[in-house]
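Just so you know, these numbers use all the heavy atoms, side chains as well, and skip hydrogens, waters and symmetry mates. The chains referred to below are lettered A, B, ... by the order of the sequence lines, with proteins before strands, and numbering in each begins at 1.
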Amino acid sequence: MADGLKLHFDVDGTDFTVAGECSSKVKKTLKQLGFDPELIRRVAIAMYEGEINMVIHANGGTIDVEISPESVVVILKDTGPGIPDLDKAMQEGFSTASNTVRELGFGAGMGLPNMKKYTDKMEVDTVPGVGTTVTLSVIV
Amino acid sequence: MKVKDIIDALNLKVSAGATGVDGEVSGCYIGDLLSLAMSSLKENNVWVTIQTNVNIVAVSVLVEGACVILCDGQEPDDAAKKKADNEGVPILSTEKTAYEVAAELSRLGV
């Protein structure tokens, strides 16, 4: 298989105002490439949740997106505090977000569950105190 | 029906994103939790909420919504206004409650 298109983003962990810009750019790229609108929607929502998680919990990080005719893979990598109890974090409604974050409309405990719901495969590699890497794959 | 038709019919104030008022409108979603809104909003939907921060614009762009209506007298914050202007996402403000807005949208056939 030929190499797909690769995109790289740095997510600023201090600025809520730019959250969503990476997923917006990926969405535009996928649109230009002619991907199915429903697939684009799934990728955009899952990636946005990941982006927001990075800002809320991990002081930012990086996102790499690999686009090929077969799949769209999004790798979200941070050096934040890690996820102490991944099973709990995967439950809808469980959240460790601050009240400030909740007042902004986040912190409903749907980030990771939504990322899983909207992708075909989700892998979470997390080490407390070291960081978290989430790999999301959507099959075309 | 277009966003500007709703603005006229409900007497809404255009707080930002005026360039998007010619967009088509179809359907409505009401809610303040962004993750839920993102899942439920469909293309060209009106989104009724009391959230005023910049992330409402990011979500609206992501789902390709028609506009955001802030009810109960809420106004977008400065960052939201700026982003809405840049993206052409109309943010419309009203003193009406979410229920009143929904009832009027329903009467209009949205």
Side-chain angles (χ1 to χ4, degrees), chain A residues 11-12 14-31 36-56 74 89-95 97 100-119, chain B residues 15-17 20 23-24 26-27 29-66 68-72 74-89 91 93 98:
Chain A
V11 179
D12 182 348
T14 60
D15 193 355
F16 254 112
T17 63
V18 294
E21 285 192 358
C22 307
S23 28
S24 197
K25 280 178 190 156
V26 168
K27 186 182 170 184
K28 275 176 197 152
T29 304
L30 293 174
K31 240 181 173 177
D36 172 60
E38 188 52 33
L39 178 140
I40 296 173
R41 180 184 160 85
R42 289 168 57 207
V43 171
I45 290 176
M47 188 172 157
Y48 182 70
E49 293 281 14
E51 219 179 321
I52 290 295
N53 269 354
M54 276 182 170
V55 178
I56 292 176
V74 180
M90 287 305 301
Q91 288 170 16
E92 267 192 30
F94 177 81
S95 175
T100 312
V101 165
R102 287 169 199 255
E103 280 164 15
L104 292 172
F106 294 109
M110 293 186 65
L112 285 168
N114 257 1
M115 287 156 78
K116 189 177 171 73
K117 178 178 168 188
Y118 286 106
T119 55
Chain B
S15 296
E24 287 292 330
S26 145
Y29 174 79
I30 304 171
D32 306 316
L33 287 177
L34 302 191
S35 288
L36 276 179
M38 207 160 27
S39 295
S40 300
L41 277 163
K42 303 277 185 284
E43 199 179 336
N44 295 338
N45 269 186
V46 177
W47 178 18
V48 183
T49 183
I50 52 163
Q51 288 293 344
T52 57
N53 68 79
V54 67
N55 294 291
I56 57 173
V57 183
V59 168
S60 196
V61 168
L62 215 60
V63 301
E64 296 178 36
V68 182
I69 298 182
L70 303 185
C71 53
D72 295 296
Q74 299 297 310
E75 294 277 346
D77 65 23
D78 288 343
K81 271 188 194 169
K82 195 173 162 196
K83 186 155 181 162
D85 284 338
N86 286 342
E87 299 280 357
V89 173
I91 301 184
S93 302

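Between B:Leu34 and A:Ile52, every side-chain heavy-atom pair lies at or beyond the 4.5 Å cut-off. Using a 4.5 Å heavy-atom cutoff, the side chains of A:Met110 and B:Met38 are not in contact. For the pair B:Val63/A:Tyr48, no side-chain contact is recorded, criterion being any heavy-atom separation below 4.5 Å from C-beta on.
Once rounded to the nearest 0.5 Å, the distance linking CZ of A:Arg41 with NZ of B:Lys42 reads 5.0 Å. Taking CG from B:Asp32 and CD from A:Glu103, the interatomic distance works out to 12.5 Å, rounded to the nearest 0.5 Å. Once rounded to the nearest 0.5 Å, the distance linking CE of A:Met47 with CG of B:Leu62 reads 9.5 Å.
Contact record, A:Leu104 with B:Asn53: O-ND2, 3.0 Å, taken as the closest heavy-atom pair. Minimum heavy-atom separation, B:Ser39 to A:Lys117: OG-NZ, 4.4 Å. The heavy-atom pair separating B:Val61 from A:Ser24 by the smallest distance is CG1-OG, 3.7 Å.
Neither the backbone nor the side chain of A:Ile40 has a heavy atom closer than 4.5 Å to any heavy atom of chain B. Heavy atoms closer than 4.5 Å to chain A are found nowhere in B:Val57, neither backbone nor side chain. With a threshold of 4.5 angstrom between heavy atoms, B:Glu64 approaches chain A through its backbone and through its side chain.
Comparing B:Ser35, B:Ala58, B:Gly31 by heavy-atom pairs within less than 4.5 Å of chain A, the highest count is held by B:Ser35.
Within a 6.0 Å sphere centred on CG of B:Asp78, other residues, nucleotides and ligands contribute 12 heavy atoms or fewer.
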